[in-house]
Trainee: 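Can you keep this structure in mind? I'll have questions shortly.
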Protein chains: 2
Amino acid sequence: MPISGLMERVFQALASTPRRKILAYLAHAELSAGDIAARFEMSKPAVSQHLSVLENAGLIVSEKRGQFVFYRLIPDTLTNVLNGYAQEVCPVSRPLKAESRVLAEQQREEG
Amino acid sequence: MPISGLMERVFQALASTPRRKILAYLAHAELSAGDIAARFEMSKPAVSQHLSVLENAGLIVSEKRGQFVFYRLIPDTLTNVLNGYAQEVCPVSRPLKAESRVLAEQQREEG
DNA sequence: AAAGAATATAAGTAATTACTTAAATAAATT
DNA sequence: AATTTATTTAAGTAATTACTTATATTCTTT
């Protein structure tokens with residue numbers, strides 16, 4: 001699987017506020033399709049389609065357990081793609097690293 | 001200007017291969033609209049529209065000098081938004097930092 | 001086995017996006 | 001001042017996307 005094709009799908013997937021929200025929800029916990037849909041105004045099929053887009057981009061993975069389908073994040077995909085591209089655009093990714101460090105420290109202070 | 005509105009526009013802007021390519025070109029040098037258009041198969045107006053999208057997202061800035069319009073990157077917008085969102089999704093942004101380091105080393109080896 | 005619940009797929013539609021060519025604007029050259 | 005060059009704006013269209021409701025599938029419960 002070419003990384004560029006994956007990058008295409010990841011950025012496509014991220015270009016939607018509901019989908020970015022879904023990823024943020026899944027950052028904290030594994031959730032069923034119904035759990036996720038309950039957090040949105042839109043219909044369940046609409047949420048289901050968003051989940052498909054995210055799964056096809058390799059950002060999340062689904063697992064059917066009984067009646068439910070649980071979704072969880074694959075954090076590596078996101079970080080690899082974002083860094084991979086940031087690397088192309090921000091030489092040596094220095095700003096990205098610097099910013100990461102600052103934010104990590106802030107969170108350490110807060111946590 | 002709310003950061004969330006900017007985030008929306010940035011991710012929207014990044015969801016296009018030609019636009020990501022434009023940013024990569026501008027990472028290395030300031031270029032005129034014509035210089036950029038020459039690197040693509042599509043028409044000049046099409047490229048011009050892509051440049052508008054990128055500029056409205058705060059990712060690039062334009063400056064008219066004589067007959068030409070030069071574009072250059074605003075790297076901070078990209079790193080701030082990508083990190084801001086990665087922060088929401090990847091707790092403590094640890095993976096992001098780790099990946100940055102790996103990629104930076106790879107580039108050091110290659111360069 | 002029938003009914004109910006969770007989810008996905010199908011089919012249709014409205015809104016958005018990414019192009020195209022043609023026309024307008026503005027600066028440089030003759 | 002007229003022409004050429006660089007770029008953008010305008011207008012139209014084809015393709016894509018994001019929803020909707022209705023139907024199908026798969027599990028659980030009775």
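Proteins come first, then strands; the chains are lettered A, B, ... in the order of their sequence lines, and each starts at number 1.
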Trainee: Is there a residue in residues 64-71 of chain B whose heavy atoms reach under 4.0 Å of DNA chain D, and which residues are they?
Mentor: B:Gln67, B:Phe68, B:Val69, B:Tyr71

Trainee: With sequence neighbours left out, write down each residue that passes side chain to side chain donor-acceptor pair (under 3.5 Å) with A:Gln67, or none if nothing qualifies.
Mentor: none

Trainee: A:Glu63: which residues meet the salt bridge (Lys or Arg N to Asp or Glu O under 4.0 Å) condition with it, sequence neighbours left out?
Mentor: A:Arg65, A:Arg72

Trainee: For residues 31-42 of chain B, which residue pairs qualify under side-chain hydrogen bond (donor to acceptor under 3.5 Å, both in side chains), counting only residues two or more places apart or in two chains?
Mentor: B:Ser32-B:Asp35

Trainee: Reading DNA chain D 5' to 3', which nucleotide is the first, and which the last, to come under 4.0 Å of any heavy atom in chain A?
Mentor: D:dT17 to D:dT28

Trainee: Name all residues meeting the side-chain contact (heavy atoms from CB on, under 4.5 Å) criterion together with B:Ala15; count only those two or more places apart in sequence or in a different chain, and write none if there are none.
Mentor: A:Gln12, A:Ala15

Trainee: Centres of the B:Phe11 and A:Phe11 rings: under 6.0 Å?
Mentor: no

Trainee: Hey, what do you get for OG1 (B:Thr77) to CZ (B:Arg9), rounding to the nearest 0.5 Å?
Mentor: 10.5 Å

Trainee: A:Val61: which other cluster members, linking ILVMFWY side chains closer than 4.5 Å, directly or transitively?
Mentor: A:Ile74

Trainee: With the threshold set at under 4.0 Å for non-hydrogen atoms, list the residues of residues 33-43 of chain B touching DNA chain D in residue-number order.
Mentor: B:Ala33, B:Gly34

Trainee: Supply the atom-to-atom distance A:Leu78 CG to A:Leu14 CG, rounded to the nearest 0.5 angstrom.
Mentor: 6.0 Å

Trainee: How sharply is the helix from C:dA1-D:dT30 to C:dT30-D:dA1 bent, taking the axes over five pairs at either end and rounding to 10 degrees?
Mentor: 10°

Trainee: To the nearest 0.5 Å, what is the distance between CG on B:Leu73 and CG on B:Leu31?
Mentor: 11.0 Å

Trainee: Show the atom names and distances, to 0.1 Å, of all donor-acceptor pairs under 3.5 Å that link a side chain in residues 45-54 of chain B to residues at least two apart or in another chain.
Mentor:
| from | atom 1 | to | atom 2 | distance (Å) |
| --- | --- | --- | --- | --- |
| B:His50 | ND1 | B:Arg19 | NH1 | 3.1 |
| B:Ser52 | OG | B:Ser48 | O | 3.3 |

Trainee: Roughly how far apart are A:Glu30 CD and A:Leu26 CG, rounded to 0.5 Å?
Mentor: 9.0 Å

Trainee: Hey, which of A:Leu82, A:Val89, A:Asn83 is the one that makes side chain to side chain contact (heavy atoms under 4.5 Å, CB included) with A:Tyr85?
Mentor: A:Val89

Trainee: If only atom types and distance count, is the side chain of B:Ser16 paired as donor or acceptor with the main-chain N or O of B:Ala13 below 3.5 Å?
Mentor: no

Trainee: When you check the phosphate oxygens OP1 and OP2 of C:dT7, does a side-chain N or O of A:Ser32 lie under 4.0 Å from one of them?
Mentor: yes

Trainee: Scan for ring-ring contact (aromatic ring centres under 6.0 Å, His included) pairs involving residues 58-84 of chain A, sequence neighbours excluded, and state none if there are none.
Mentor: none

Trainee: Is there a residue in residues 44-60 of chain B whose heavy atoms reach under 4.0 Å of DNA chain C, and which residues are they?
Mentor: B:Pro45, B:Ala46, B:Gln49, B:His50

Trainee: Would you mind checking if A:Glu8 and B:Arg20 are paired as a salt bridge, meaning a charged N to carboxylate O distance below 4.0 Å?
Mentor: yes

